[in-house]
Amino acid sequence: TRFGGDQPVYINIIRDPVNRFLSNYFFRRFGDWRGEQNHMIRTPNMRQEERYLDINVCILENYPECSNPRLFYIIPYFCGQHPRCREPGEWALERAKLNVNENFLLVGILEELEDVLLLLERFLPHYFKDVLSIYKNPEHRKLGNLTVTVKKTVPSPEAIQILYQRMRYEYEFYYYVKEQFHLLKRKFGLKSHIGKPSPRPEFFIPSPLETEEPINDEEEDDEKWLEDIYKR
C-alpha cells in the first residue's frame, strides 16, 4: 500500500516445527517418491559424508544444519525484512504474531489441513470452491502421496528434546497460530478432530482447548468479520 497498490489477501499454512525440520533434512538428502532428481537439484554439491550424516549426530554434536539460526525458520518468514527478524528472540516472535493478526486472512495448521480447506472455501469461494472434494479425489491423493519424503528416521528422545529447546520460539509461535486457528474454527462452527498431541516440554504454552460447538457472537456477524479483513 505504500506504493499505491491494493493490499492482497494473505493466506498461509504452517507445520509443526520439528516435523518440518525433519522432513526438510531427509528430503534434501534422499528426495521423495517422485525420484532422486527432486532433491539432487537442490543439493547437487552435497558431499556423501554430509548426505549420510546421522540425524542424531547432527543434533547432538551441534552441526550448523541442526542448530540456530538455521532452525529459526518460520518466525523470520512472518516477521518480515527487519534485520532483527533473523535473531531468535521475543522481538521477532511478537512482530510475527502482529503480522499474522493484522495482515493475514488465515494462517492454518498443516496437521488440520481439511479444516483449513473448509475455511478457505468459506472465505474465498471464487478460488476454493469444492476444494475439499478435489483434495480427497483419489487421483489427486495419489499425486500427493508421491511427495512423501523417503528414508526419514525418528531421532532419539534426547535429540528431540534438544530440538525442542533450540526451537522454543518457533513452538511458541506455532502454538499461538494454532490457538488463533482454533478460535476461528469455533467462530464458524467447525469441530476440531485432533489426534493425540505429540509430547513437548512444559515450558511451551498449553494447547488450546478442542472445539466442540460454535460460538454465538451477537455483536459481530460472519460477513462483517470478513469485510473487515478485506479492508485491512
Side-chain angles (χ1 to χ4, degrees), residues 1 5-21 23-24 27 32 34 73-80 93 95-149 170-195 197-198 207-217 219-232:
T1 55
D6 294 330
Q7 177 80 341
V9 175
Y10 286 103
I11 58 175
N12 215 314
I13 302 175
I14 65 173
R15 184 179 185 180
D16 176 276
V18 165
N19 285 338
R20 191 213 68 82
F21 162 74
S23 183
N24 182 64
F27 178 77
D32 55 32
R34 292 173 297 175
Y73 176 87
I74 303 173
I75 288 176
Y77 180 88
F78 286 90
C79 178
L93 169 65
R95 181 160 176 150
K97 289 180 182 178
L98 184 66
N99 281 331
V100 167
N101 293 335
E102 293 189 348
N103 297 311
F104 281 81
L105 172 66
L106 172 68
V107 180
I109 300 297
L110 182 62
E111 291 78 12
E112 300 173 37
L113 180 57
E114 291 190 9
D115 286 346
V116 176
L117 297 178
L118 286 172
L119 286 177
L120 286 173
E121 183 176 23
R122 174 66 182 273
F123 297 164
L124 301 168
H126 180 74
Y127 299 99
F128 291 99
K129 181 175 175 58
D130 296 326
V131 64
L132 192 57
S133 62
I134 296 172
Y135 170 70
K136 290 185 174 182
N137 181 286
E139 288 302 312
H140 288 88
R141 296 304 292 266
K142 187 187 301 182
L143 290 173
N145 290 338
L146 291 175
T147 65
V148 174
T149 301
E170 294 278 273
Y171 268 98
E172 288 193 26
F173 180 73
Y174 173 78
Y175 284 113
Y176 175 80
V177 169
K178 188 173 184 178
E179 182 179 25
Q180 299 306 306
F181 180 61
H182 284 189
L183 290 173
L184 195 59
K185 289 202 300 183
R186 290 184 63 190
K187 184 174 182 62
F188 286 90
L190 286 181
K191 293 184 178 181
S192 292
H193 301 287
I194 306 169
S198 58
S207 295
L209 297 176
E210 292 187 10
T211 300
E212 296 299 339
E213 56 187 50
I215 291 177
N216 293 321
D217 192 343
E219 297 181 0
E220 182 180 28
D221 60 44
D222 295 346
E223 301 305 323
K224 183 178 186 302
W225 179 84
L226 285 175
E227 288 177 4
D228 289 342
I229 286 287
Y230 290 129
K231 290 176 182 176
R232 290 180 180 175

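By convention here, the first residue in the shown sequence is residue 1.
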What heavy-atom pair brings Y174 and I14 nearest, and what distance separates the two atoms? CD1-CD1, 3.8 Å
Closest non-hydrogen contact found for L117 with V131 is O-CG1, 3.4 Å
Distance-only, no hydrogens or angles: does the E114 side chain make a donor-acceptor pair with backbone N or O of L132 under 3.5 Å? no
Taking every non-hydrogen atom, the tightest pair across N12 and F104: CB-CE2, 4.0 Å
Rounded distance [0.5 Å steps], CD1 in I134 versus NZ in K129: 10.0 Å
Euclidean distance, Q7 CD relative to E102 CD, rounded to 0.5 Å: 10.5 Å
Flag yes if more than 12 heavy atoms outside F128 fall under 6.0 Å of its CZ atom; otherwise flag no. yes
If you round to the nearest 0.5 Å, how far is CG of L106 from CD1 of I13? 7.5 Å
Any chance you could lay out the side-chain contact (heavy atoms from CB on, under 4.5 Å) test for Y135 and H140, step after step, and finish with the verdict? CA-CA 6 Å; Y135 170 70; H140 288 88; over 6 Å; no
Smallest separation among heavy atoms of N99 and G80, with atom names: ND2-N, 4.5 Å
With rounding to the nearest 0.5 Å, note down the distance linking CG in L119 to CD1 in I11. 11.5 Å
Point-to-point distance, once rounded to the nearest 0.5 Å, from CG of N24 to CG of N19: 12.5 Å
Assess whether side-chain contact (heavy atoms from CB on, under 4.5 Å) is satisfied between F181 and V116, documenting all intermediate values. CA-CA 9 Å; F181 180 61; V116 176; 3.5 Å; yes
Are E111 and K178 close enough for a salt bridge, meaning some N to O gap below 4.0 Å? no
Find the distance between CG (L98) and CG (L93) and round it off to the nearest 0.5 Å. 11.5 Å
The test is side-chain contact (heavy atoms from CB on, under 4.5 Å); show your working for E170 and R20 and say whether it passes. CA-CA 11 Å; E170 294 278 273; R20 191 213 68 82; 5.7 Å; no
Can you tell me if Y171 uses its side chain to pair, donor with acceptor, with the backbone of V18 under 3.5 Å? yes
F188 six-ring face occupied by R122 cation (under 6.0 Å, within 45°): no
Could you pull out the closest heavy-atom pair between L110 and R15, with the gap in Å? CD2-CD, 3.5 Å
CA sep, side-chain torsions, deciding dist, call: V107, Y176, side-chain contact (heavy atoms from CB on, under 4.5 Å): CA-CA 11 Å; V107 180; Y176 175 80; over 6 Å; no
